[in-house]
Asks: 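After the structure tokens below, expect a handful of questions from me.
Keep in mind that what you see is a predicted model, and the values were worked out from it rather than measured.
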Amino acid sequence: MTSPTHPAAVETSESAAPAAPARLRDVDALRGFALFGILVVNIAFFATAFPWHGIDDPAFTSGVDDAVRATVALLFELKFYLLFSFLFGYSFTLQLESARRHGASFVPRFLRRLAGLFLLGVAHALLFFHGDILTTYALLGLVLLVARRIRPRTAMISAGVLIGLVALQMVGAAVTGASLTAEPAAALAEGRASTEALAGSPAGVIAEHLRSMPQMLLGLASLQAPVALAAFLVGLAAGKRGILSEPQRHTRLWRRLCLVGYPVGLAGAVVFASTGGTTGLDPVALALTVVTAPLLAAAYVATLFQLFRTRPGGTLSRALAPAGRMALSNYLGQSVICAVIFTGWGFGLIGQVSPLVAVLVAVAVFALQAVVSAWWMRGHHYGPVEWLLRALTNATVPPWRRRAA
């Protein structure tokens, strides 16, 4: 089965740098918004092991449980993953520009950055969350490096081709009658076994992660990796065009994205949610969602960039931006917190929490992260993991704390 929605563009933006332009605050806020949506999706896979095997937890079958799962599938699944992937590609252009401004050699720096992400991803997948995406992003980053001089139009066409190929793959599975999930009885047995393993000792958690790795890699290779690469390329094109850095010049674009993205994207999302989302893995619904989810994600971006220009939206942007500036620290922190709550690393509550309670926990965790991030960024240039990654990237020791004025 395919793994759940993941944050993947956990690349820090140049707005984390000491002299970042104020105009990039909204990009950080967008990253913080994506971080919240990813947590809402991922926490369901911490709260119970059954979705990993393409089936809902049989302990939670009430109307409320079904409604919560359907809402998450409708509005969150595959949309926020695309949004973060887009931001990864966009941040790549900021890093290119930063290297150019400082007269630094970009390729060695970026390769060290990708190596750091890969190592973090391996540790993350083994210890806390076997649905990790950092390793995939590190590998796909090599493609971005090769394609860094690509024209925006070519990048957009390439993204469309990738999306089309994935959709055709899903249609092919539907035509041949291939199932993307195990038989219900087998899925139930696997779900129970995984739940028991993840609720056990930390050693048992790691062993279960290792056992499930081939299944996760298959899902990444067949669906998430090519779709993420497509979003990378769209972000690369947006960065080259300066679309997010000068949003006021693209008001007509934002309006068009909303007018097209919401009706088309929501129509595909309705079909996707009605078939069980990432749990049901219906190939026709997946094919439709692969094509329409990018439009809904684009509509989210358009809405937020228009909202951020209002007074209430400015307040929201300021609240979200610190969490987005240290997105990598927060993403990994989310996994650590959820692992402590749900797995053998802590309380072992996996399989005991309803979908509604899990979503409420996600809201509480992100709210806490937003507060802590605001406090942290007042005294530091970077989040703790961002600091470590930046040290590896630049082969220097960056400043840890801000100097008092």
Asks: Within the distance-only criterion (no hydrogens, no angle test), does the side chain of Asn394 pair as donor or acceptor with the backbone N or O of Thr396 below 3.5 angstrom?
Replies: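 Flag not set: sc Asn394 to bb Thr396 has no pair under 3.5 Å.
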
Asks: Would you say the side-chain atoms of Ser85 pair up with the backbone N or O of Tyr81, donor to acceptor, closer than 3.5 Å?
Replies: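 Yes: the side chain of Ser85 pairs with the backbone of Tyr81.
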
Asks: Using salt bridge (charged side-chain N to carboxylate O under 4.0 Å, His left out) as the criterion, list what pairs up with Arg100, not counting sequence neighbours.
Replies: Glu97

Asks: For the backbone of Leu253 and the side chain of Arg256, can you confirm whether one donor and one acceptor N or O come within less than 3.5 Å of each other?
Replies: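 Side chain of Arg256 to backbone of Leu253: no pair is present.
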
Asks: Testing the 3.5 Å rule here: is there a donor-acceptor pair between the side chains of Thr48 and Asp57?
Replies: yes

Asks: Give the C-alpha distance, both sets of side-chain angles, the deciding distance and a yes or no for salt bridge (Lys or Arg N to Asp or Glu O under 4.0 Å) between Arg31 and Asp28.
Replies: CA-CA 5 Å; Arg31 187 175 286 104; Asp28 290 325; 3.2 Å; yes

Asks: Please name all residues satisfying side-chain hydrogen bond (donor to acceptor under 3.5 Å, both in side chains) with Ser373, sequence neighbours left out, ordered by chain then number.
Replies: Asn330

Asks: Enumerate the residue pairs fulfilling ring-ring contact (aromatic ring centres under 6.0 Å, His included) with a member in residues 149-176, sequence neighbours excluded, ordered by first and then second residue.
Replies: none

Asks: Determine the sole option in Val385, Leu120, Leu134 for which the side chain to side chain contact (heavy atoms under 4.5 Å, CB included) test with Tyr331 is passed.
Replies: Leu134

Asks: Under the criterion side-chain contact (heavy atoms from CB on, under 4.5 Å), I'd like the reasoning laid out for Arg148 against Leu96: C-alpha separation, chi angles, the key distance, then a yes or no.
Replies: CA-CA 9 Å; Arg148 64 187 182 276; Leu96 276 171; 4.1 Å; yes

Asks: Where does the angle between the aromatic ring planes of Tyr300 and Tyr262 fall among parallel (under 30°), tilted (30 to 60°) and perpendicular (over 60°)?
Replies: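 Aromatic pair Tyr300/Tyr262 classed tilted.
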
Asks: Between Ser91 (side chain) and Phe88 (backbone), is there a donor-acceptor pair under 3.5 Å?
Replies: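 Not a single qualifying donor-acceptor pair exists.
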
Asks: When the ring centroid of Phe45 is compared with that of Phe342, is the distance short of 6.0 Å?
Replies: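 No.
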
Asks: Just wondering, more than 12 heavy atoms not from Trp400 lying within 6.0 Å of its CH2?
Replies: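 More than 12 within 6.0 Å, yes.
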
Asks: Would you find more than 12 non-hydrogen atoms of other residues, nucleotides or ligands less than 6.0 Å from Arg241 atom CZ?
Replies: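 Atom CZ in Arg241 is not packed in, count stays at 12 or less.
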
Asks: Look up atom CG in Leu126 and atom NE2 in His209, then write down how far apart they are to the nearest 0.5 Å.
Replies: 8.5 Å

Asks: Classify the side-chain pair Asp26/Ser317 by whether it contains a donor and acceptor separated by less than 3.5 Å.
Replies: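 Looking only at side-chain atoms, Ser317 and Asp26 do form a donor-acceptor pair, the distance falling under 3.5 Å.
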
Asks: Using the ring of each side chain (for Trp, its six-membered ring), is His124 parallel, tilted or perpendicular to Phe129, with breaks at 30° and 60°?
Replies: tilted

Asks: Quick one: which residue pairs count as a salt bridge (Lys or Arg N to Asp or Glu O under 4.0 Å) with a foot in residues 193-208, not counting sequence neighbours?
Replies: Glu208-Arg211

Asks: Could you check if a side-chain atom of Leu320 sits within less than 4.5 angstrom of a side-chain atom of Phe366, using non-hydrogen atoms only?
Replies: yes

Asks: Checking side chain to side chain donor-acceptor pair (under 3.5 Å) between Glu77 and each of Thr278, Thr289, Thr279, which is the one that passes?
Replies: Thr278

Asks: Passes side-chain contact (heavy atoms from CB on, under 4.5 Å), Leu75 versus Leu266? Steps please.
Replies: CA-CA 8 Å; Leu75 299 177; Leu266 285 173; 4.1 Å; yes

Asks: How many angstroms lie between CG in Leu74 and NZ in Lys79, if you round to the nearest 0.5 Å?
Replies: 6.0 Å

Asks: In terms of ring plane angle, is the pair Trp345 and Phe128 parallel, tilted or perpendicular, where the classes change at 30° and 60°?
Replies: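 Trp345 vs Phe128 ring planes: tilted.
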
Asks: Ignoring hydrogens and angles, tell me if any N or O in the side chain of Gln224 forms a donor-acceptor pair with the backbone of Gly219 under 3.5 Å.
Replies: no

Asks: Donor-acceptor pair, distance only, cut-off 3.5 Å: does the side chain of Gln169 make one with the backbone of Leu165?
Replies: no

Asks: Measure the CE-CE distance between Met213 and Met216 for me, rounded to the nearest 0.5 Å.
Replies: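 Here the interatomic distance stands at 8.5 Å.
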
Asks: List for me each residue that meets salt bridge (charged side-chain N to carboxylate O under 4.0 Å, His left out) alongside Asp66, sequence neighbours excluded, and say none if there are none.
Replies: Arg69

Asks: Can you measure from CD1 (Ile157) to CG (Leu233) and round to the nearest 0.5 angstrom?
Replies: 11.5 Å

Asks: Under a 3.5 Å distance rule, please check whether Ser194 uses its side chain to pair with a backbone N or O of Gly191 as donor and acceptor.
Replies: no

Asks: For Ala238, does its backbone N or O pair with a side-chain atom of Lys240 as donor and acceptor, under 3.5 Å?
Replies: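 Flag not set: sc Lys240 to bb Ala238 has no pair under 3.5 Å.
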
Asks: How many angstroms lie between atom CZ of Phe50 and atom CG of Leu188, to the nearest 0.5 angstrom?
Replies: 6.0 Å

Asks: Does Thr310 use its side chain to pair, donor to acceptor, with the backbone of Gln306 at less than 3.5 Å?
Replies: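 No; judged by distance alone, with no hydrogens or angles, the pair does not exist.
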
Asks: Under a 3.5 Å distance rule, please check whether Arg402 uses its side chain to pair with a backbone N or O of His380 as donor and acceptor.
Replies: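 Here the side-chain-to-backbone pair exists.
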
Asks: Would you call Trp376 and Pro322 a side-chain contact if the rule is heavy atoms closer than 4.5 Å?
Replies: no

Asks: Is it true that His130 and Trp52 have ring centroids separated by less than 6.0 Å?
Replies: yes

Asks: Please tell me whether Phe36 and Phe80 form a close aromatic pair, meaning their ring centres lie under 6.0 Å apart.
Replies: no

Asks: Which residues satisfy the salt bridge (charged side-chain N to carboxylate O under 4.0 Å, His left out) test with Arg153, sequence neighbours excluded?
Replies: none

Asks: To the nearest 0.5 Å, what is the distance between CG on Leu87 and CG on Leu30?
Replies: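 Result: 4.5 Å between the selected atoms.
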
